[in-house]
There are 2 protein chains.
Amino acid sequence: MDETTQADEIDVATGLIRLSFLVQSIYGRASERRDLTPVQAKLLSVLADSPRCMAELAALFGVEKAALTGLVDRAERRGFVHRAPVPGDRRALLVTLTPEGHQAAAAFLDDVKAEVSGLASDLRPDDRERFRATLAQVIRER
Amino acid sequence: MDETTQADEIDVATGLIRLSFLVQSIYGRASERRDLTPVQAKLLSVLADSPRCMAELAALFGVEKAALTGLVDRAERRGFVHRAPVPGDRRALLVTLTPEGHQAAAAFLDDVKAEVSGLASDLRPDDRERFRATLAQVIRER
DNA sequence: TATTGTTATACTCTATAACTATA
DNA sequence: TATAGTTATAGAGTATAACAATA
């Protein structure tokens, strides 16, 4: 097995790990520009697709539901979300974006996607399309 | 522009962002299995390559140097690293892995790389090699 | 003066355990 | 009994500002 450290010789796992840290650092800086923490940015991004219950968000984020309380508290205090009752289950709460939350989510997502796209901007068009298709395959069902 | 949500139709930026969260969740679970936080795991992984000064680590992690003090304190308390004087600069401290730290870093890295490799294991060999080469190109110089 | 590292303080994020209300 | 969400407590990680020691 080749064990050199040249970028061109790295294995798939190392490449994926480095790339993920690269993307996360872009994500973090984009959050900061919008005065959000990465977790708050992720919360807004998820809720931009559709409102979610607390338990659902906890499962989606892979954290205990108790962690969601403070997270949603802070987002609510900033006017990004509100807790809405769920008709038919008086225990549950649907976390929903406010108009300000939608605006913040859209601005953040535009920002982060534009910068992440830049990572692939030097690829030849056919390489980029192949890369995109392989990315789609890798994340499918996960 | 196509705006469907099917996995096969996602753009490169969205694919990269989702993949990075996927890799980070694997990284987090592998850390947890070794009783490390993700940041501690990252610290050990970086130091496995070579010892680093506090300021160097702060720059590498993109955090303030003050944050490194507690991070290295906790790693030192657990016997993974120690602070060594730097000959020729009595201000600086070289953070160095202990034998236990090297062992922990190697075990963690084997673990996380094996699981991350699994993400690409369903690709056809030629697709995987092309994917690997494109990853190398994207992270080069970054 | 600039740099290296630390301390003090405050905030966010998270886990755990115990709790309330509802199903 | 089980589930949805909260509270209380503790610890990790981080930023900021002020500091000491050295360059």
Side-chain angles (χ1 to χ4, degrees), chain A residues 21 24-25 27-47 51-78 80-96 104 108, chain B residues 21 24-25 27-29 31-47 51-78 80-96 104:
Chain A
F21 278 111
Q24 291 295 316
S25 83
Y27 199 95
R29 277 186 279 114
S31 308
E32 203 172 2
R33 282 198 295 276
R34 301 291 171 178
D35 195 26
L36 299 167
T37 65
V39 177
Q40 293 286 347
K42 193 177 174 187
L43 177 64
L44 298 190
S45 302
V46 165
L47 294 176
R52 305 276 189 175
C53 291
M54 304 291 282
E56 211 174 352
L57 289 170
L60 222 48
F61 288 9
V63 302
E64 292 299 315
K65 60 185 172 157
L68 263 291
T69 300
L71 206 57
V72 171
D73 281 349
R74 289 184 287 275
E76 196 163 33
R77 216 180 298 141
R78 290 193 54 187
F80 291 141
V81 307
H82 67 95
R83 289 164 160 102
V86 174
D89 189 343
R90 287 189 301 170
R91 296 171 306 177
L93 290 172
L94 201 59
V95 185
T96 308
F108 166 75
Chain B
F21 278 111
Q24 292 294 318
S25 81
Y27 200 93
R29 276 185 281 114
S31 308
E32 204 172 358
R33 281 197 295 274
R34 300 291 171 178
D35 195 27
L36 299 167
T37 64
V39 177
Q40 293 285 347
K42 192 178 175 187
L43 177 65
L44 299 190
S45 302
V46 165
L47 295 176
R52 306 277 190 175
C53 292
M54 303 291 284
E56 210 175 351
L57 289 169
L60 221 49
F61 288 10
V63 303
E64 292 300 315
K65 58 185 173 155
L68 264 290
T69 300
L71 206 55
V72 171
D73 281 350
R74 290 184 286 274
E76 198 163 32
R77 216 179 300 140
R78 289 194 52 187
F80 292 140
V81 307
H82 66 96
R83 289 161 160 103
V86 174
D89 190 344
R90 287 190 300 173
R91 295 172 305 180
L93 290 172
L94 201 59
V95 185
T96 308

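- Mapped onto DNA chain D by nearest heavy atom, B:G62 and A:V86 fall at different nucleotides, with A:V86 at the one closer to the 5' end.
- At whole-Å resolution of the value, CZ in B:R78 and C1' in D:dG13 are 15 Å apart.
- Residue-to-nucleotide proximity on DNA chain C shows that, of A:P38 and A:R90, the 5′-proximal contact is made by A:P38.
- Listed pair B:R52 / C:dG5 fails the phosphate criterion, with no side-chain N or O lying under 4.0 Å from OP1 or OP2.
- The interatomic distance linking A:L57 (CG) with C:dT14 (P) rounds to 12 Å, in whole Å.
- In this structure, the CZ atom of A:F61 is 10 Å from the P atom of C:dC13, given to the nearest Å.
- If you check distances only, the side chain of B:R91 does reach the base of C:dT3 with a donor-acceptor pair under 3.5 Å.
- Comparing atom distances between the A:M54 side chain and each of D:dT6, C:dA15, C:dT4 picks out D:dT6 as nearest.
- Interatomic distance, B:L94 CG to B:H82 NE2, rounded to the nearest 0.5 Å: 8.5 Å.
- Between the CD atom of A:E56 and the C1' atom of D:dT3 there is a distance of 14 Å, given to the nearest Å.
- For B:A55, whose side chain is taken as the heavy atoms from C-beta onward, the closest listed nucleotide among C:dT4, C:dT16, D:dG5 is C:dT4.
- Nearest nucleotide to the side chain of B:E64, out of D:dT16, D:dT22, D:dT14: D:dT16.
- The side chain of B:V63 has D:dA15 as its nearest neighbour among D:dG13, C:dT14, D:dA15.
- To the nearest angstrom, P of C:dT14 lies 17 Å from NZ of A:K65.
- The heavy-atom pair separating B:F80 from B:A104 by the smallest distance is CE2-CB, 3.7 Å.
- No contact: A:L68 has no heavy atom under 4.0 Å from any strand.
- Atom OG1 of A:T37 sits about 7.0 Å away from atom CG of A:L71, to the nearest 0.5 Å.
- For B:L71 and C:dG5, the CG to C1' distance is 14 Å, given to the nearest whole Å.
- Base contact: B:T69 has a heavy atom under 4.0 Å from a base atom.
- In this structure, B:R77 places its CZ atom 6 Å from P of D:dA12, rounding to the nearest Å.
- Closest approach to the A:A66 side chain among C:dC13, D:dT6, D:dT14 is made by D:dT6 (side chain taken as heavy atoms from C-beta onward).
- Nearest to the side chain of B:D89, among C:dA15, D:dA15, D:dT22, sits D:dT22.
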Does the side chain to side chain contact (heavy atoms under 4.5 Å, CB included) test come out yes or no for B:R83 and B:M54, once each step is laid out?
CA-CA 9 Å; B:R83 289 161 160 103; B:M54 303 291 284; 3.9 Å; yes
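- Rounded to whole Å, the distance from CG on B:L43 to P on D:dT14 is 10 Å.
- Residue B:F21 forms a ring-ring contact (aromatic ring centres under 6.0 Å, His included) with just one option from A:F21, A:Y27, A:F61, and that option is A:Y27.
- The A:R74 side chain lies nearest to C:dT14 when the options are C:dA23, C:dT14, C:dT6.
- Atom SG of residue A:C53 and atom CG of residue A:L68 lie 10.5 Å apart, to the nearest 0.5 angstrom.
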